[in-house]
Structure formats: structure tokens, C-alpha cells
Amino acid sequence: MSTATSTALIILAAGQGSRMLSDLPKVLHKVAGAPLLWHAMRAGAALEPARQIVVTGHGGEEVAASAMAYDASAEIVTQSEQLGTGHAVAQAKDLLADFDGDVIVLYGDTPFISPETLACMAKARRSHDIVVLGFEAADPGRYGRLVMQGVTLQKIVEFKDASEAERTITLCNSGVIAAEAKTLFALLEKVSNDNASGEYYLTDVPGLGAAEGLTATAVTCDEAETLGVNTRAQLAEAEAAFQARTRAQMLEDGVTLTAPDTVHFAFDTYVGRDAIIEPNVVFGPGTTIETGATIRAFSHVEGAHVSRGSIVGPYARLRPGAELAEDSRVGNFCEVKNAEIGERAKVNHLSYIGDAEIGARANIGAGTITCNYDGVFKHRTVVGRDAFIGSNTMLVAPVSVGAEAMTGSGSVITQDVEAEALALGRAKQVTKPGLAARLMERLRTLKANQKSAKQEGKV
Ligand code: UD1
Ligand code: MG
């Protein structure tokens with residue numbers, strides 16, 4: 001058995017978030033393409049928790065589904081009435097009845113607690129029974145206040161219950177608290193709702209612990225880490241904070257961002273060293289950009305993998321399942337979805353490539369479309385290596401074009417084309433000498449006659 005204390009994470013996510021004015025539970029609002037709850041779960045994951053419990057209430061089913069989608073090992077407990085943060089944590093008591101390690105409580109609406117901060121808390125737990133995460137607040141407002149004596153946390157007092165003197169304290173409670181599971185649940189039994197809000201406060205735990213001779217202390221972090229989301233304005237602030245931090249990190253990691261402030265990353269965007277990201281590029285979730293790839297201006301990239309040396313855009317859209325092999329090209333006004341683009345293959349202009357496999361070095365002519373959807377089912381298109389697809393070819397799937405085969409421009413390809421063949425699927429051209437000039441003459445005469453009839457008032 002490892003000597004390190006095992007940790008159970010409890011994430012509070014039962015609140016309604018009434019100030020969001022939303023039908024969506026607050027913790028499911030997104031920052032960088034991921035629900036706030038996922039950010040909190042990711043923060044907690046830094047502790048490698050043995051157990052992960054999400055307390056749900058408002059929108060419980062949706063919140064539970066989201067938690068499980070992020071991590072199938074998450075356990076859900078329901079708090080059917082929101083009677084306070086202490087009551088919320090107590091809901092996990094039965095699940096953790098046999099659990100021997102530490103509990104750490106995080107809020108589902110507080111997305112940015114850093115791994116370093118949680119590591120500091122874990123370290124402080126070695127010398128104190130209870131550890132609370134505090135911060136020096138620029139505007140302490142209605143936060144709970146940490147009443148300290150030296151390094152000892154005597155108690156936490158909620159703003160509503162605080163004396164004038166206590167309200168002058170600027171060291172505030174972030175909400176994150178760590179203690180041994182058994183200690184925490186025993187103290188929670190003693191928490192009452194005899195206070196200004198009529199709620200069971202989690203924050204009563206350090207004070208109750210002190211009365212029993214337990215020790216408590218506070219670890220502090222930057223206020224930015226404890227940013228909680230209660231309003232749409234704070235959601236936008238959280239987004240801006242995430243983006244600013246990620247851009248700075250990318251630059252530090254050796255990624256070129258021509259105009260950093262215009263690039264938007266998702267919570268899990270990976271960009272390799274020496275990649276170049278031009279202005280106004282937006283990343284959705286699930287993207288990997290390898291070393292030395294270039295994403296040119298105004299591209300939207302989501303769920304895609306772009307390999308070394310590939311160039312995407314300007315104005316390209318990569319959707320989930322776009323797999324670009326090394327040195328491939330996807331150019332302006334092209335959309336690629338659930339498709340592999342082979343090594344050094346080119347899809348350079350105005351194309352839609354969906355549910356397809358494009359072989360190495362194949363050239364997909366301008367305006368080529370894979371007609372993948374028949375209104376009910378999706379079908380696959382396979383283009384072999386070194387094939388040449390003429391401009392404006394409609395590839396009506398399911399269909400394949402063999403290696404080194406060609407299609408004529410403007411073809412509608414409905415049957416498989418064997419390797420090295422040329423397929424033409426278009427109407428044959430008919431040319432009528434002089435007909436254009438005669439036609440135009442007739443139309444111009446017709447217009448002139450109409451004009452003079454009008455002037456004579458006949459029409
Ligand atoms: C809480 C702290 C306060 C701290 C502040 C930091 C308490 C009593 N007060 O106050 O000291 O400065 O956070 O932001 O803990 N929740 C539930 N079930 C409940 C009540 C709350 O799941 O019954 C969840 C909420 O959804 C939210 C979190 O717990 O994610 C905090 O609850 P909230 O009501 O926002 O507490 P505050 O009044 O902000
Ligand atoms: Mg709050």
C-alpha cells in the first residue's frame with residue numbers, strides 16, 4: 001500500500017445559479033468549450049483522487065450526465081434541497097463511510113484552482129487537521145472571512161454573521177477545504193443552521209474543530225484562481241482569464257501566435273512547438289496541432305488532428321474526425337469532417353470532404369464535394385493515392401476512386417473508378433457556331449421595341 005494519503009474529491013454542484021437567468025444549470029455553462037464542472041473536475045484530478053463525488057441538485061440529471069461524460073468513474077450524490085454548503089458535503093457521508101483518507105471540497109462553479117495550490121493544501125494537511133484555501137480579496141464584499149491568529153485559522157465567519165471588526169478582514173474564504181474524511185463528517189454532524197442565512201455552513205467546520213482541540217490553517221492563492229461564476233458577466237470574465245492564460249502558456253511553450261489576442265483556445269487544445277497560428281483562429285474541443293504545422297487566419301478547428309508540416313486555411317473549417325497526415329494542405333473555404341487526408345494530399349479550394357479517406361499525394365480539385373448524405377444514411381468516399389480529382393467533381397458516396405485515377409472536371413461520379421482509369425460523368429459539350437451573337441441580337445431588339453412602345457404610352 002502506498003504511504004501517501006488517498007484523497008476523495010467532493011465537488012459541490014447542486015446550486016441553481018439563479019443570477020445566470022438560465023434554463024441550464026450553472027455548472028454546465030461553458031468556458032473554453034467545456035462545462036465549468038469539467039474545469040473543477042480537472043483541477044481536482046491533479047490530486048489523483050481515489051474517489052470523485054459530485055453533489056447534484058438543480059438540473060441533477062443533466063449535471064450527472066455531464067460529470068460522467070468527463071469521467072465515468074465519477075460518483076453522483078443528490079442533494080434534493082439546498083440547505084447549505086455543509087449540508088451539501090454531508091450528502092457524501094454514506095458513500096465515504098469506509099473511506100480512510102482525506103476529503104477535499106471544491107465548488108463546481110470555481111474552475112481555475114491550480115494543481116500547485118492543491119498540492120500546497122495537501123502539504124499543509126501534514127501539520128494541520130483542517131486546511132482552508134484563502135485569498136486576499138481586492139474587494140472582500142460578501143465573502144466569508146478567515147479569522148487568523150498567526151498561522152492558526154480560528155474560525156471562518158460568513159459576511160452576514162460577521163461583526164464590524166470581522167468585516168474589515170480582507171483574507172477571504174475560497175470555499176476549498178481539506179480534512180480527514182472521518183473528522184470532516186463528524187464535525188458536519190455538529191453544524192447547525194442557527195445563523196443569518198438559516199443554512200448549514202461548511203465554513204463552521206474549522207471553528208467547531210478548534211473547540212475540540214483540532215488545528216486548522218489557511219493556504220493562500222491568487223484571487224484569480226478562486227474566480228467563481230455567478231453571472232454571465234463573470235462567465236465572460238472567466239473565459240477571458242482562461243484565454244489570456246492559455247495564450248501566454250502557448251507562447252512560452254514555443255508556439256508562434258501572430259496576434260495572440262485574436263486566437264481562442266478550447267480547454268484541451270494541444271499545439272506543438274514551432275506551430276504557427278495566424279490571427280483570428282478559433283479552436284473547439286479535442287484538437288491536436290503537431291509541431292511545425294501552420295493554421296492560417298480565420299480558420300475554425302474542432303476535434304481535428306493536424307500533423308507536422310501541414311497547412312490549414314486561411315478560412316478553413318476542420319470538424320470532428322478530421323485527420324490530416326504530414327505535409328497535407330487544406331485551403332480556403334474547405335470543410336473537412338470525419339475524413340483522413342493523406343500525406344502531402346491537397347484539398348486546396350472550396351471543397352467539402354466528409355466521411356472520406358483521401359490517399360497520399362492525391363489532388364482534390366477546386367469545388368469538389370463528397371456527397372456523403374442521402375437524407376437518412378451517411379456513406380464513405382475513398383480516393384486512392386496519387387489520384388487526381390478534377391475541379392467540381394461530385395463524389396456520390398458510397399464510391400471509390402482508385403490509385404492514380406482521374407475524374408474529369410464537373411463529373412458526377414456515382415460508380416467506383418478503378419486504379420489508373422479516367423472517369424467522365426458529365427453531359428457532352430455541344431457548340432453551335434454564331435448562335436450566341438444571333439441570340440443576343442434578338443434579345444436586344446426585343447428590349448428596344450418594348451422601350452419605344454412604353455414611350456408612346458401603349459403599355
Ligand atoms: C461560500 C462560502 C463563503 C465563501 C464563498 C466563496 C459557505 C457557507 N460560504 O459562500 O465563505 O467566501 O462561498 O465563493 O460555504 N451549494 C450546494 N448546495 C447547497 C449550497 C451550495 O451544492 O445547499 C454549492 C453551490 O452550487 C456553489 C457552492 O456550493 O457551487 C457555494 O455555494 P454558494 O451559495 O455560492 O455559497 P456562498 O454564499 O457564495
Ligand atoms: Mg457563491
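Atoms within each ligand, like the ligands themselves, are counted from 1 in listed order.
In terms of modelled atom types and a separation under 3.5 Å, the side chain of T393 and the main chain of L395 share no donor-acceptor contact.
Residues L153 and I130 fail the side-chain proximity criterion, which asks for heavy atoms closer than 4.5 Å. Looking at heavy atoms from C-beta onward, S299 lies out of side-chain contact with R317 at the 4.5 angstrom threshold.
For residues 271-289, the pairs satisfying side-chain hydrogen bond (donor to acceptor under 3.5 Å, both in side chains) are E278-R296, with sequence neighbours left out.
Contacts of T183 classified as side-chain hydrogen bond (donor to acceptor under 3.5 Å, both in side chains), with partners at least two apart in sequence or in another chain: E180. With sequence neighbours excluded, the residues satisfying side-chain hydrogen bond (donor to acceptor under 3.5 Å, both in side chains) with K182 are D100.
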List of N/O pairs, ligand 1 versus protein, all under 3.5 Å?
| residue | atom | partner | partner atom | Å |
| --- | --- | --- | --- | --- |
| ligand 1 | 9 (N) | E158 | OE1 | 3.1 |
| ligand 1 | 9 (N) | E158 | OE2 | 3.1 |
| ligand 1 | 11 (O) | G144 | N | 3.4 |
| ligand 1 | 11 (O) | E158 | OE1 | 3.4 |
| ligand 1 | 11 (O) | E158 | OE2 | 2.7 |
| ligand 1 | 11 (O) | N173 | ND2 | 2.8 |
| ligand 1 | 12 (O) | G144 | N | 2.9 |
| ligand 1 | 12 (O) | N173 | O | 2.7 |
| ligand 1 | 13 (O) | Y107 | OH | 3.3 |
| ligand 1 | 15 (O) | T85 | OG1 | 2.7 |
| ligand 1 | 15 (O) | Y107 | OH | 3.4 |
| ligand 1 | 18 (N) | Q79 | OE1 | 2.7 |
| ligand 1 | 22 (O) | A14 | N | 3.1 |
| ligand 1 | 23 (O) | Q79 | OE1 | 3.4 |
| ligand 1 | 23 (O) | Q79 | NE2 | 3.0 |
| ligand 1 | 23 (O) | L83 | N | 3.3 |
| ligand 1 | 23 (O) | G84 | N | 2.8 |
| ligand 1 | 23 (O) | G84 | O | 3.1 |
| ligand 1 | 26 (O) | G15 | N | 2.9 |
| ligand 1 | 30 (O) | D109 | OD1 | 3.4 |

